[in-house]
There are 2 protein chains.
Amino acid sequence: MSRTIDPYNALPKYIQLASILRQKIEDGEWEPRSPIPSERQLEVLYNISRTTIREAIDHLMRQGYIYREHGRGTFVSPQKLQKTLMELTSFSEDLIKRGIQPGQIIRSLTSVLPPVKILQKLELAPGTHVLCIERIRLGDNTPIGLQTSYLALAENQTITSEEMESSGSLYRILQEKFNIIPSEADETLEVTLATPEEADLLQIAEGAPLLLSERVLFAQNRKPIEFVKILYRGDRYRYYARLTR
Amino acid sequence: MSRTIDPYNALPKYIQLASILRQKIEDGEWEPRSPIPSERQLEVLYNISRTTIREAIDHLMRQGYIYREHGRGTFVSPQKLQKTLMELTSFSEDLIKRGIQPGQIIRSLTSVLPPVKILQKLELAPGTHVLCIERIRLGDNTPIGLQTSYLALAENQTITSEEMESSGSLYRILQEKFNIIPSEADETLEVTLATPEEADLLQIAEGAPLLLSERVLFAQNRKPIEFVKILYRGDRYRYYARLTR
DNA sequence: TAATCTAACTGGTAGTGACCACACTACCAC
DNA sequence: GTGGTAGTGTGGTCACTACCAGTTAGATTA
């Protein structure tokens with residue numbers, strides 16, 4: 001990573017500065033709870049205006065790397081799990097962060113007419129067909145979850161099972177093929193009990209407790225792009241979130 | 001709510017402007033997906049510099065009220081549940097938002113020596129005593145959760161059961177009495193089954209599925225102030241979160 | 001000694017002015 | 001029609017400046 005600001009770099013200076021500072025924190029060059037250089041010092045150190053400095057610091061603060069104290073200074077956050085900040089993660093990203101090998105079995109990939117409730121969440125007209133993908137999610141080669149995705153793609157857009165097989169990450173396909181970047185999601189979590197079919201697929205007993213997650217995913221323009229329902233095995237999955245005011 | 005910016009007001013201008021704009025959105029004066037006045041127009045409308053305008057808009061954007069599109073404008077977010085943004089909420093706030101009448105039964109309020117695991121999460125030395133509050137949480141007068149809080153207060157700080165009874169909200173006491181403002185939390189959720197004692201307290205069958213939430217709450221200065229464990233009745237509670245990248 | 005004041009820091013708010021990157025439209029040339 | 005192009009409006013980035021508001025430590029004073 002660069003150690004100085006390059007004014008000819010295409011990246012904005014505040015992003016360059018933010019990543020320099022982030023690096024120093026992640027490398028442990030600056031101890032938790034210790035102050036980073038003051039804004040006036042950074043101005044001189046990197047030859048950047050305070051406006052830009054503050055913008056970089058704002059970013060790092062919102063990402064939880066540092067915190068400010070009026071009149072005292074700006075300090076490194078003492079957090080252990082910086083990587084698992086409040087972030088929107090795909091299933092595979094999620095598992096990788098926990099050190100578990102993700103995997104999946106694609107059960108089906110078809111165009112379906114979904115229930116009205118789901119069409120409403122996707123803000124689609126009644127009668128619209130959407131792409132439905134059913135998958136069994138694996139962690140270290142054993143089932144952890146049962147996932148059903150409904151995707152609101154444009155007429156001329158579709159995804160093949162080959163693409164799903166080879167890429168592994170639906171979100172990566174959305175991003176690379178259609179330039180759709182997931183940016184926000186509403187999620188609910190509740191407890192249910194496994195039906196016979198679900199129990200069979202997850203290799204657990206009928207009536208075993210499951211964690212049910214339902215999520216509506218929004219793109220950059222705030223349009224809903226996916227409704228996804230995941231049934232997690234209660235004994236093998238723990239949900240993690242970071243909340244902020 | 002004020003309709004113009006008052007330069008003599010103690011509140012910063014960008015906060016005044018943000019609340020004016022928020023009001024217009026909540027009142028429906030500006031339709032979802034329609035553009036709000038451009039930054040240059042707002043400059044003239046409210047006689048404020050663009051710096052300040054952008055700061056106000058930044059705030060509203062992070063709170064999910066609006067979104068920006070480079071080259072096109074700034075638009076009102078089409079969100080139905082503005083109130084239940086990704087927010088850190090207390091149990092009572094949470095229920096009120098869902099239209100349920102919160103209540104509680106305080107089972108105990110004592111100084112205890114907690115398990116080492118909890119002391120570690122609170123970043124306290126082994127052997128430290130903390131305030132422990134056990135409560136049964138009610139929704140519309142029937143039990144929905146079993147909550148155990150461990151509070152890392154200073155030597156001279158404590159909370160009485162009278163205060164808990166009268167206020168109802170622990171977070172309000174923390175804020176008003178000790179000036180501690182909860183600002184962040186790490187939370188995990190998983191599924192467990194009710195022990196006989198838990199089943200009895202929650203008035204459900206032994207072995208019924210529960211949603212177990214464990215949360216570490218941090219103050220403004222990033223110091224942990226509370227470890228709280230809540231067992232929710234699986235049949236009466238649903239967890240909601242909004243995730244952002 | 002203890003309380004007070006002061007100066008020199010820190011981050012917080014605000015204005016001005018400039019230029020860039022992107023989106024849209026109207027117009028023109030082919 | 002099609003493709004280009006210039007103009008104008010939008011948000012994005014950046015510099016420089018000024019002053020306000022907390023915090024701290026050291027000097028000063030009672």
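Hydrogens, waters and symmetry mates play no part in the numbers below; they use all other heavy atoms, side chains included. Below, read A as the first sequence line, B as the second, and so on, with proteins coming before strands; counting in each chain starts at 1.
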Asks: So, does Arg68(B) get its side chain near the phosphate of dT10(D), meaning an N or O under 4.0 Å from OP1 or OP2?
Replies: no
Asks: Report the distance from atom CD1 of Ile48(B) to atom C1' of dT13(C), rounded to the nearest whole Å.
Replies: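 Distance check: Ile48(B) CD1 to dT13(C) C1' gives 12 Å.
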Asks: Look at the side chain of Pro12(A) and decide which nucleotide, out of dT13(D), dA14(C), dA23(C), has an atom nearest to it.
Replies: dT13(D)
Asks: Which is true for Ile57(A) with a 4.0 Å heavy-atom rule: it touches a base, it touches only sugar-phosphate, or it touches nothing?
Replies: nothing
Asks: Starting at CD of Glu69(B) and ending at P of dA23(C), how long is that distance when rounded to a whole Å?
Replies: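 Value for this atom pair: 9 Å.
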Asks: Once you round it to whole Å, what is the distance between C1' of dA21(D) and CG of Leu11(B)?
Replies: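 Distance check: Leu11(B) CG to dA21(D) C1' gives 15 Å.
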Asks: Could you work out which one of dG11(C), dC24(C), dT13(C) sits closest to the side chain of Glu55(B)?
Replies: dT13(C)
Asks: By nearest heavy atom, map Glu39(B) and Ser49(A) onto DNA chain D; which one lands nearer the 5' end?
Replies: Glu39(B)
Asks: dG11(D), OP1 or OP2 - any side-chain N/O from Arg54(B) closer than 4.0 Å?
Replies: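 Arg54(B) to dG11(D) OP1/OP2: no side-chain N or O under 4.0 Å.
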Asks: Confirm from the modelled atom types if His70(A) and dG11(C) form a donor-acceptor pair under 3.5 Å, side chain to base only.
Replies: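 Donor-acceptor pair under 3.5 Å: yes.
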Asks: So, does Thr52(A) get its side chain near the phosphate of dT13(D), meaning an N or O under 4.0 Å from OP1 or OP2?
Replies: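 False: Thr52(A) side-chain N/O out of range (4.0 Å or more) of dT13(D) OP1/OP2.
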Asks: How would you label the contact of Gln41(A) with the nucleic acid (heavy atoms, under 4.0 Å): base, sugar-phosphate, or nothing?
Replies: sugar-phosphate
Asks: Do side-chain atoms of Ser166(B) reach the backbone of Glu162(B) as a donor and acceptor pair under 3.5 angstrom?
Replies: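 Yes; judged by distance alone, with no hydrogens or angles, the pair exists.
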Asks: Tell me: CG of Leu60(B) to C1' of dG11(D), nearest whole Å?
Replies: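 Computing the Leu60(B):CG to dG11(D):C1' distance gives 16 Å.
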Asks: Compare the minimum distances between each of dG12(C), dG11(D), dG15(C) and the side chain of Arg40(A), then state the nucleotide with the smallest one.
Replies: dG12(C)
Asks: Atom CE of Met61(B) to atom P of dT10(D): distance rounded to whole Å?
Replies: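 Interatomic distance, CE of Met61(B) to P of dT10(D): 18 Å.
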Asks: Let me spell it out: for each of Gly71(A) and Gly71(B), pick the nucleotide of DNA chain C with the closest heavy atom. Which residue's pick is nearer the 5' end?
Replies: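 That would be Gly71(A).
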Asks: Of all the heavy-atom pairs spanning Ile36(B) and Ile57(B), show the shortest one and how long it is.
Replies: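 That closest heavy-atom pairing would be CD1-CD1, 4.4 Å.
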Asks: How many Å lie between CD1 on Ile36(B) and P on dT10(D), as a whole number?
Replies: 12 Å
Asks: Are more than 12 heavy atoms from other residues, nucleotides or ligands located less than 6.0 Å from atom NZ of Lys24(A)?
Replies: yes
Asks: So do the side chains of Arg135(A) and Leu170(A) get within less than 4.5 Å of each other, counting heavy atoms only?
Replies: yes
Asks: Is a donor-acceptor pair below 3.5 Å formed from side chain Arg50(B) to base dG12(D), judging by atom type as modelled?
Replies: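 Donor-acceptor pair under 3.5 Å: yes.
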Asks: Any salt bridge linking Glu214(B) with Lys117(B)? Criterion: basic side-chain nitrogen under 4.0 Å from a carboxylate oxygen.
Replies: yes
Asks: For Glu43(A) and dG11(C), give me the distance from atom CD to atom P, rounded to whole Å.
Replies: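 After rounding, the gap between these two atoms is 11 Å.
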Asks: For dA15(D), does the base pair up with any side-chain atom of Thr51(A) as donor and acceptor (N or O, under 3.5 Å, distance only)?
Replies: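 Counting by modelled atom types and ignoring angles, a donor-acceptor contact under 3.5 Å is found here.
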Asks: Among dA14(C), dA15(D), dG12(D), which nucleotide has an atom closest to any side-chain atom of Tyr14(B)?
Replies: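 Output: dA14(C).
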Asks: Taking the nucleotide of DNA chain D with the closest heavy atom to each, which residue, Arg72(A) or Thr74(B), is nearer the 5' end?
Replies: Thr74(B)
Asks: Which whole-number value in Å describes the distance from Asp58(B) CG to dG11(D) C1'?
Replies: 11 Å
Asks: Between Arg54(B) and Arg50(B), is there a side-chain heavy-atom distance shorter than 4.5 Å?
Replies: yes
